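Reading through the structure tokens given below for one structure.
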Amino acid sequence: MKANFTKLLVLFVLANFTRAFGQQTTNPAVEAKIEALLKQMTLEEKIGMIHGNSSFTSTGVARLGIPELTTSDGPHGVRPEHGRDWVLDKKGNDSSTYLPVGLTLASTWNPELGYAFGSVLGAEAKFRGKDVILGPGINIIRTPLNGRNFEYMSEDPYLISKMVVGYIKGVQDQGISACVKHYLANNQETRRDGINVEMSERALREIYLPGFKAAVVEGDVNTIMGAYNRFRGQYATYNDYLINKILKGEWGFKGIVMSDWGAIHHTKEALMGGADLEMGTDLAMLPLPKYDKFFFAEPALKVVRSGEVPESIIDDKVRRILRIMFKTNMIDAKRSAGALSTPQHAEVAKKVAREGIILLQNKKNILPLNKATVKTIAVIGANANRDNAMGGGSSQVLPKYEVTPLEGLQNIAGSGVSMRFSQGYSIARNAGADQKLIQQAVENAKSADVAIIVGGWTHGYDYSKWDDNAYDAEGFDKPNMKMPFGQDDLISAVVKANPNTIVVLYGGGAIDVRQWVSKVKGILQAGYPGLEGGNALAEIIFGDVNPSAKLTVTFPKKLEDVGAHKLGEFPGDSLNVRYKDDIYVGYRYFDTYKVKPQFAFGHGLSYTSFDYGKPVVSSSGNNATVKFTLRNNGKQAGAEVVQVYVKDKKAAVKRPEKELKGFQKVFLQPGESKEITLSLDEQAFSFFDDKQMKWVLEPGDFEILIGSSAQDIRSKAKLKL
Ligand code: GLC
């Protein structure tokens with residue numbers, strides 16, 4: 001017994017020690033079992049394991065007790081069953097909790113919620129018999145037009161790094177695998193399956209890699225999904241530099257690199273380029289079952305038999321798959337049951353929505369509404385009574401229910417308040433402003449105490465059925481930032497009829513609000529807040545919940561103001577997209593180039609206010625500590641996300657005006673104060689030197705900026721390192 005304990009102790013220390021030094025660890029006992037299995041496997045059996053054998057599974061080796069690996073989408077809920085070959089075989093029990101989308105989760109700036117979110121997702125995936133849930137999606141939001149922004153988290157790598165770790169641990173502590181995606185630089189949907197992304201080494205290291213590095217090194221993620229696009233001329237899913245050198249080399253990733261569905265286009269290049277598992281290859285022209293024709297099937301057998309590819313390359317891939325199978329109790333072990341669509345899970349979804357819906361504007365404190373005095377509310381807009389769960393593409397979810405904004409308002413206001421609904425606009429091909437619908441909405445608003453317009457993007461999927469202006473979904477980007485279906489005219493007409501107008505924006509990110517932003521009083525950004533989103537929205541509107549969310553993306557005034565469009569290319573030409581915006585993504589561009597955004601990164605209002613005390617900054621070596629008092633000087637309990645940005649006063653290279661390097665969500669009772677302490681490590685001050693190919697901290701003067709958003713800096717302090 002004693003020997004065992006000592007061994008475990010050694011393992012524990014080793015695991016934490018190596019993790020501290022940024023390497024994933026392996027367990028010698030498991031490795032021995034893997035070797036024993038490998039020795040018994042034929043080459044055919046090994047090859048079978050590295051490619052799909054149905055739409056979402058890959059082959060096992062039954063005679064050796066190795067099961068199939070079963071995957072399922074998606075990042076904010078377990079996708080409804082669609083059978084082994086995309087033939088819908090609806091089982092009764094494939095409803096799942098429709099959690100808020102990634103963008104809304106990130107807008108909570110609350111890593112603990114990330115863990116709770118991941119726990120729900122992991123428990124439900126386990127219940128539905130999935131070994132891998134294909135999320136989180138963490139691609140950098142480089143432009144407001146990317147169709148999948150809703151599914152991702154932010155424009156800022158540090159914020160992503162903090163939110164992704166909790167999510168992954170939440171999923172994997174349930175005993176199944178997360179799959180961080182899409183590695184790397186899948187920042188647009190236009191020509192996603194072939195476009196070649198060119199970017200500098202600094203942009204790669206300082207902006208696009210850190211979220212994935214945190215997922216691997218801190219989150220210990222079991223699997224990673226390669227992206228469709230090319231990177232510097234080679235497909236990302238088997239890009240020697242990204243996969244072999246950085247992911248498996250520098251970061252010591254020991255898990256599985258699976259392709260995105262149909263992202264493998266070669267056999268030898270992909271086997272050597274580091275892809276471990278081929279999924280979803282599109283051989284549409286072939287009859288089912290086509291899986292033996294996959295690049296990693298018969299063609300792979302051939303190149304190994306011919307000696308072009310050493311068998312050891314295949315062995316490493318099989319090792320990785322077996323390693324994750326052992327780690328998630330798929331071999332010689334039993335998993336716990338998990339749970340599906342429970343009230344407790346819905347509560348987590350509601351909590352995320354409550355902390356993820358952003359109050360952008362609140363003129364004359366029109367919000368919160370008072371249930372006692374407000375008698376009639378005009379609820380206007382197609383998004384007010386529309387379900388979104390099944391929208392968006394592969395990340396779709398089929399929940400038992402979804403509370404719409406209209407239902408939520410009715411639920412929370414109670415019978416004393418009458419809600420009068422008008423559609424306001426219609427979602428249809430080339431639909432412009434519909435004067436009849438606008439007129440109905442205006443009549444409704446005129447005689448109401450308050451008008452709440454719920455609009456924004458439309459969470460389509462196959463929106464080839466709709467307007468040319470395609471919306472929030474996989475496979476397509478948006479053509480512009482304009483409000484679709486004539487909503488600008490609707491909002492302008494309604495606010496003329498009733499100045500007490502509040503606009504609620506659904507959707508994956510920034511929208512051009514210039515036409516009416518100065519006329520309406522309240523604006524909320526709701527993202528896609530999940531199956532309880534309508535209730536959470538209404539609780540915020542009526543003040544049962546004090547909003548605490550913050551923007552994780554800059555809201556530009558207009559598209560031309562965005563770095564990717566001003567300095568860079570989007571969506572590039574037929575072959576390449578060059579990220580000439582470089583490290584100037586999001587607020588890094590707006591602040592450095594002195595462009596005023598509509599709403600800043602990190603912006604989000606509360607029903608109370610917070611006082612930031614004078615900061616004291618101390619340093620020891622290349623680490624610094626920032627201390628200050630935060631006080632809630634309002635009458636309502638609330639939470640503030642204090643943000644710490646670092647500015648390098650002088651550097652040998654160009655650096656952004658400032659960069660987020662610390663934050664904390666602080667909950668305070670009315671009048672309560674708390675001593676905030678934030679530590680900044682060496683990394684917070686360093687930049688990547690692409691000459692020396694390493695991170696460098698140049699001694700000198702820095703400035704620490706503490707704020708409630710990137711534009712709302714409350715205090716500053718100097719620091720010399
Ligand atoms: C899709 C998506 C990916 C998804 C996969 C399986 O095309 O890009 O995120 O997990 O294919 O549906």
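As the structure is a computational prediction, the values presented were derived from the model and not from experiment.
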When rounded to the nearest 0.5 angstrom, what distance separates NZ in Lys716 from OH in Tyr645? 13.5 Å
Of all heavy-atom pairs linking Gly533 and Tyr506, the shortest is C-OH, 4.5 Å
Specify the closest pair of heavy atoms between Leu204 and Arg232, including all atoms of both residues, with the distance to one decimal. CD2-NH2, 4.0 Å
Do the rings of Tyr612 and Phe628 sit parallel, tilted or perpendicular, given the 30° and 60° boundaries? parallel
Asp591 and Ala710 have their tightest heavy-atom pair at OD2-CB, 4.0 Å
Counting N and O atoms only, with roles assigned by atom type, does the side chain of Lys363 sit under 3.5 Å from a partner on the main chain of Ser518, one being a donor and the other an acceptor? yes
Does a side chain donor of either Thr554 or Glu155 reach within less than 3.5 Å of an acceptor in the other side chain? yes
Can you list the steps and then say if Val644 with Leu680 is a side-chain contact (heavy atoms from CB on, under 4.5 Å)? CA-CA 9 Å; Val644 175; Leu680 300 169; 4.2 Å; yes
Quick test of your reading of the model: are Arg631 and Glu672 salt-bridged, counting only N-O distances below 4.0 Å? no
Exercise: do Asp472 and Tyr528 side chains pair donor with acceptor under 3.5 Å: yes
Is any NZ, NE, NH1 or NH2 atom of the basic residue among Lys566 and Glu560 found under 4.0 Å from an Asp or Glu carboxylate oxygen of the other? no
Salt-bridge criterion met for Glu657 and Lys594 (N-O under 4.0 Å): yes
Could you measure the distance from the CG atom of Asn187 to the CG atom of Asn146? Nearest 0.5 Å is fine. 7.0 Å
Can you tell me how the ring of His565 sits relative to the ring of Phe570, calling it parallel under 30°, perpendicular over 60° and tilted otherwise? tilted
Interatomic distance, Leu551 atom CG to Gln525 atom CD [nearest 0.5 angstrom]: 7.0 Å
Looking at Arg202 and Asp582, does any basic side-chain N land under 4.0 Å from a carboxylate oxygen? no
Are the side chain of Asn632 and the backbone N or O of Leu668 linked by a donor-acceptor pair below 3.5 Å? yes
Please determine whether a side-chain nitrogen of the Lys or Arg among Glu198 and Arg578 lies less than 4.0 Å from a carboxylate oxygen of the Asp or Glu. no
Give a yes or no on whether the backbone of Phe610 and the side-chain of Glu640 come within a donor-acceptor separation of less than 3.5 Å. no
Residues in salt bridge (Lys or Arg N to Asp or Glu O under 4.0 Å) with Arg192, at least two apart? Glu189, Glu474
Any chance you could measure Thr552, atom OG1, to Leu159, atom CG, to the nearest 0.5 Å? 6.0 Å
side-chain contact (heavy atoms from CB on, under 4.5 Å), that's the test. Do Leu209 and Tyr183 meet it? Break it down for me. CA-CA 9 Å; Leu209 280 178; Tyr183 186 73; 3.8 Å; yes
If I take atom CG from residue Leu145 and atom OG1 from residue Thr190, how far apart are they, to the nearest 0.5 angstrom? 8.5 Å
From NZ (Lys478) to CD1 (Ile511), nearest 0.5 Å: 7.5 Å
Taking NZ, NE, NH1 and NH2 as the nitrogens, is one of them in Asp156 or Arg588 under 4.0 Å from a carboxylate oxygen of the other? yes
Anything under 30° is parallel, anything over 60° is perpendicular, the rest tilted; go ahead and classify Tyr208 against Tyr579. tilted
Run Ile246 and Arg205 through side-chain contact (heavy atoms from CB on, under 4.5 Å) and show every step you take. CA-CA 10 Å; Ile246 296 176; Arg205 298 282 180 168; 3.7 Å; yes
Taking every non-hydrogen atom, the tightest pair across Gly602 and Trp109: CA-CZ2, 3.8 Å
Pro597 and side chain to side chain contact (heavy atoms under 4.5 Å, CB included): which single residue from Gln711, Lys557, His603 fits? Gln711
Compare every heavy atom of Val641 with every heavy atom of Gln643, then report the nearest pair and how far apart it is. NE2-O, 3.3 Å
With no hydrogens and no angle check, is any side-chain donor or acceptor of Asn383 less than 3.5 Å from a backbone partner on Trp457? yes
Working note: Trp695 + Glu682, criterion side-chain contact (heavy atoms from CB on, under 4.5 Å); need CA distance, chi angles, decisive distance, verdict. CA-CA 10 Å; Trp695 287 88; Glu682 184 159 346; over 6 Å; no
Using only heavy-atom distances, determine whether the side chains of Ser708 and Lys550 contain a donor-acceptor pair under 3.5 Å. yes
Heavy-atom closest pair (Ser686 atom, Arg655 atom, distance to 0.1 Å) is O-NH2, 2.9 Å
